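Input: a single structure, listed below in structure tokens.
Fair warning: this is a prediction, and the values are worked out from it, not measured in the lab.
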Amino acid sequence: MVSDVTVPVVLNGRAVVGHGWDSAVLTPYTLTAGHAPREGEVVVSAVGMKPGDTVQLAAQGRPGSYRVAGVAAASNASQPTVFFTPSEAERLAGGKVDAFGVFTTGDPATVAAGMHLGDGIAALTGDDRGYAEFPRAEAKGNNLVVLSGVTGGLSVVVALFVIASTLALATQQRRRELVLLRAIGTLPGQLRRMVLGEAVVIGLLAIGAAAFLGPVLGRWLFNGFTDAGVVPDVIRFHQGWVPMTVAAGVALLAVVAAAMVAARRVSRIRPTEALTEAAVERRWLSWPRVVVAVLCFGGGTALGIVTVTAMTGPVAGSTAGPAVMLWAVGVAAVAPGVTKLVAVLLQGPVWLISGVTGWLAVSNTRAAAARVSGAVTPIMLAVGVATANIYLQTTQQAASQQAFSEDLRADAVVIAPAGVSPELLGRVQQAPGVAAASEYVTSTVFIISPYDDNNDEDGYSALGLTAGNAGQTTSTTVTAGSLDALTGDAVALPDDVAADLDRHVGDTVTLRFGDGQQVTTRVAALVAQHGSEKMLFPAGLLAAHTTAGLAPQVLVRAEPGVDQATLTRSLATATAGQQVSVGDRASLLAGHASDSEVGAWVSYLMLGMIVSYTVISVVNTLVMATSRRRREFGLQRLGGFTRLQVLRMAGFEGCLVAGIGVLLGTVVSAGSIVPFCLVATGSPLPTGPASVYLAVVAAAVGVALFASVVPAWVATRTRPVTAVSLGE
């Protein structure tokens with residue numbers, strides 16, 4: 001059995017981890033040069049160093065000079081590591097042991113099951129051993145599961161739109177063929193089985209292609225999350241058979257459902273009505289559509305009301321995703337009717353602007369509203385989801401940045417990657433021109449008691465500050481108690497949280513910290529906060545339950561009359577010899593904005609996947625619809641239209657499809673954006689550049705024009721007489 005400690009270390013300005021050399025066998029590391037460390041020496045795994053070099057390290061906020069005794073390497077090492085002597089590692093860790101590595105001669109699971117461990121101690125075997133070395137990996141891994149679930153769920157919904165609209169249009173394009181089969185005696189069941197069989201074959205081919213491309217795209221996406229810092233680089237990509245099977249099953253189920261719906265009406269036509277039915281635009285309004293639209297619009301409205309009346313802060317965005325999809329499904333149910341209505345309203349203005357070609361484009365749209373809505377729906381979905389997600393993200397970022405700026409009273413920050421030691425804090429506090437200096441550490445805590453059911457799912461942001469200086473570096477309104485009492489196991493609760501828990505100054509609250517430890521804290525103060533609620537703790541208490549064990553930075557407030565340049569020079573002089581960096585207020589704000597951009601990057605990445613689905617659907621729908629109109633284009637040219645006029649008509653139709661889709665998409669996005677913005681900023685309009693919306697609109701118009709004009713250009717290459725004689 002080998003004990004192991006983990007010590008945060010800064011090596012050449014980079015944060016790494018330190019261990020005792022006796023625990024190197026756990027990875028295992030082997031020496032490639034030099035020897036094991038002695039007193040005042042270290043073994044490093046960093047590239048570019050050799051035995052005999054002298055390195056400056058900072059561990060637990062304290063700098064030190066060490067001689068490189070050797071260089072070690074491991075085949076499965078994921079980050080640079082520094083190994084101290086066992087006694088030095090124990091001293092730096094404060095005498096605490098993080099884990100014990102146990103070597104067994106039998107089955108590890110059996111040995112672990114036979115261990116008699118105390119409360120809060122777990123025996124890990126297999127891949128779970130990684131959680132002992134990288135405790136934050138579990139939380140980050142859970143975030144990845146949530147992201148995958150959200151992305152997958154949203155992708156499935158969008159894919160259903162794509163599959164349903166494509167199969168519906170394909171079946172509609174073949175109505176004449178299908179109803180002729182009915183007229184010669186084909187049974188309804190036979191017709192349904194034929195359409196279903198064709199769809200299943202195509203679906204299986206697509207699933208086969210996805211099985212090959214899925215792991216490739218999955219790894220690319222995972223690497224993107226890793227590069228952005230969303231997922232720690234210690235987590236390894238692995239794709240098992242379960243997600244692939246589930247995805248294949250969902251896709252095949254969607255194909256079957258869409259094919260059955262698409263073939264249902266054709267198969268129910270009586271043979272004597274077959275040819276008449278094929279020549280007439282089908283009725284789009286039905287009771288199922290009405291019921292779906294009413295339920296979805298009602299659900300979207302209810303979510304908006306809940307957002308405005310019951311949600312606060314960032315959680316107000318939790319209803320945005322469901323609201324967008326509810327509004328989108330509701331609008332899709334009535335899309336044919338809305339398409340026809342908009343075409344009627346635009347017929348006069350388009351005639352005045354574009355003449356006969358535009359008028360004919362509007363007439364075609366009115367006459368084939370059900371078919372055109374197959375292209376309008378995916379554009380609506382793309383515009384609605386893209387606009388809502390982007391502006392929700394930009395508005396939330398702006399609101400968060402504004403709240404952080406208003407709460408921040410510090411003029412400078414001292415960043416210590418290895419942690420802020422008491423000595424470093426004292427130096428900063430005593431530097432000339434410094435009025436106040438407070439440690440600053442962030443984490444998340446969970447309320448255990450007074451909840452009787454031990455509900456630990458209500459996580460709250462936690463902020464660790466130095467008592468006596470907290471009020472001067474952060475803007476916090478104290479409504480009861482005092483922040484000067486923020487020492488020991490004290491906590492300052494937001495008013496709303498205290499009211500929910502029925503707690504007052506002097507009462508106790510049991511909390512679970514990020515490392516899993518439960519601590520009974522004493523309420524020292526109540527504070528008024530709006531938007532993002534944070535519990536305030538003594539920096540030492542909160543930092544002790546983080547991986548580093550120390551606060552990573554110090555917020556500094558300047559004395560009156562001391563300018564930024566003077567304060568920065570003073571802090572640089574006071575911290576000379578320490579591996580720290582000094583930044584101004586702008587760097588604090590930039591750092592906070594950078595943290596928010598990680599979430600934005602994730603949203604934009606998911607958005608790109610969703611928009612890709614919809615672009616495929618739009619192109620499929622319009623290309624299929626336009627290429628089947630060869631005979632219609634031929635008749636128009638025989639009637640006096642030139643080829644250019646036909647192409648202009650197709651272009652106007654594409655613009656109409658894009659315009660209607662953009663209009664409906666804007667309505668869909670407003671259903672989620674407006675309630676959120678009213679809560680976050682007090683304004684119904686989102687915060688963000690208008691160029692984002694213009695870019696979305698331009699992309700929708702560009703895709704629609706390309707998918708309309710290019711197939712029309714190909715279809716009109718045939719001589720008009722030939723096109724008419726060949727028919728569809």
Side-chain angles (χ1 to χ4, degrees), residues 1-101 132-134 414-428 540 543-544 546-552 554 572-581:
M1 184 170 66
V2 179
S3 63
D4 181 44
V5 298
T6 301
V7 182
V9 176
V10 175
L11 172 63
N12 296 332
R14 179 180 178 183
V16 298
V17 293
H19 297 279
W21 176 246
D22 55 341
S23 64
V25 296
L26 299 176
T27 301
Y29 277 91
T30 56
L31 284 169
T32 58
H35 57 80
R38 304 187 184 99
E39 191 66 30
E41 295 180 335
V42 294
V43 170
V44 298
S45 67
V47 178
M49 295 186 182
K50 62 183 184 299
D53 291 346
T54 299
V55 295
Q56 297 295 323
L57 302 177
Q60 295 288 20
R62 299 178 180 87
S65 178
Y66 295 84
R67 179 180 179 275
V68 176
V71 177
S75 59
N76 58 344
S78 59
Q79 58 182 342
T81 305
V82 175
F83 292 99
F84 300 93
T85 62
S87 59
E88 179 72 357
E90 182 181 2
R91 182 185 69 82
L92 293 173
K96 297 185 297 183
V97 176
D98 296 311
F100 290 95
E133 185 174 2
F134 308 105
V414 177
I415 302 173
V420 178
S421 65
E423 177 192 0
L424 176 60
L425 179 62
R427 285 191 183 190
V428 173
T546 62
T547 302
L550 294 173
V554 180
T573 302
T575 58
Q578 305 279 330
Q579 293 196 17
V580 301
S581 59

Between [X] and [Y], what is the shortest heavy-atom contact and its length?
{"X": "Val2", "Y": "Ser23", "answer": "CG1-CA, 3.8 Å"}
{"X": "Arg38", "Y": "Thr85", "answer": "O-CG2, 3.1 Å"}
{"X": "Val43", "Y": "Pro37", "answer": "CG2-CD, 3.4 Å"}
{"X": "Pro51", "Y": "Ala69", "answer": "CB-O, 3.8 Å"}
{"X": "Leu26", "Y": "Gly101", "answer": "CD2-CA, 3.7 Å"}
{"X": "Val9", "Y": "Val17", "answer": "CG2-C, 4.4 Å"}

May I have the step-by-step check of side chain to side chain contact (heavy atoms under 4.5 Å, CB included) for Glu88 and Tyr66, ending in yes or no? CA-CA 11 Å; Glu88 179 72 357; Tyr66 295 84; 2.7 Å; yes

Heavy-atom distance under 4.5 Å between the side chains of Val5 and Pro86, does that happen here? no

Side-chain heavy atoms of Pro552 within contact of Ile415, under 4.5 Å: no

Applying side-chain hydrogen bond (donor to acceptor under 3.5 Å, both in side chains), can you list everything that pairs with Asp53, at least two apart in sequence or on another chain? Lys50

Which residues satisfy the side-chain hydrogen bond (donor to acceptor under 3.5 Å, both in side chains) test with Thr32, sequence neighbours excluded? none

Give a yes or no answer on whether the side chain of Ser45 reaches the backbone of Thr81 with a donor-acceptor pair at less than 3.5 Å. yes

Is it the case that the side chain of Arg427 and the backbone of Ala576 share a donor-acceptor pair, with hydrogens and angles ignored and the cut-off at 3.5 Å? yes

Would His19 and Asp4 count as a side chain to side chain contact (heavy atoms under 4.5 Å, CB included) if you check the C-alpha gap in whole Å, the side-chain angles of each, and the deciding distance to 0.1 Å? CA-CA 7 Å; His19 297 279; Asp4 181 44; 3.0 Å; yes

Name the orientation class of the two ring planes belonging to Tyr29 and Phe83 (parallel below 30°, tilted from 30 to 60°, perpendicular beyond 60°). perpendicular

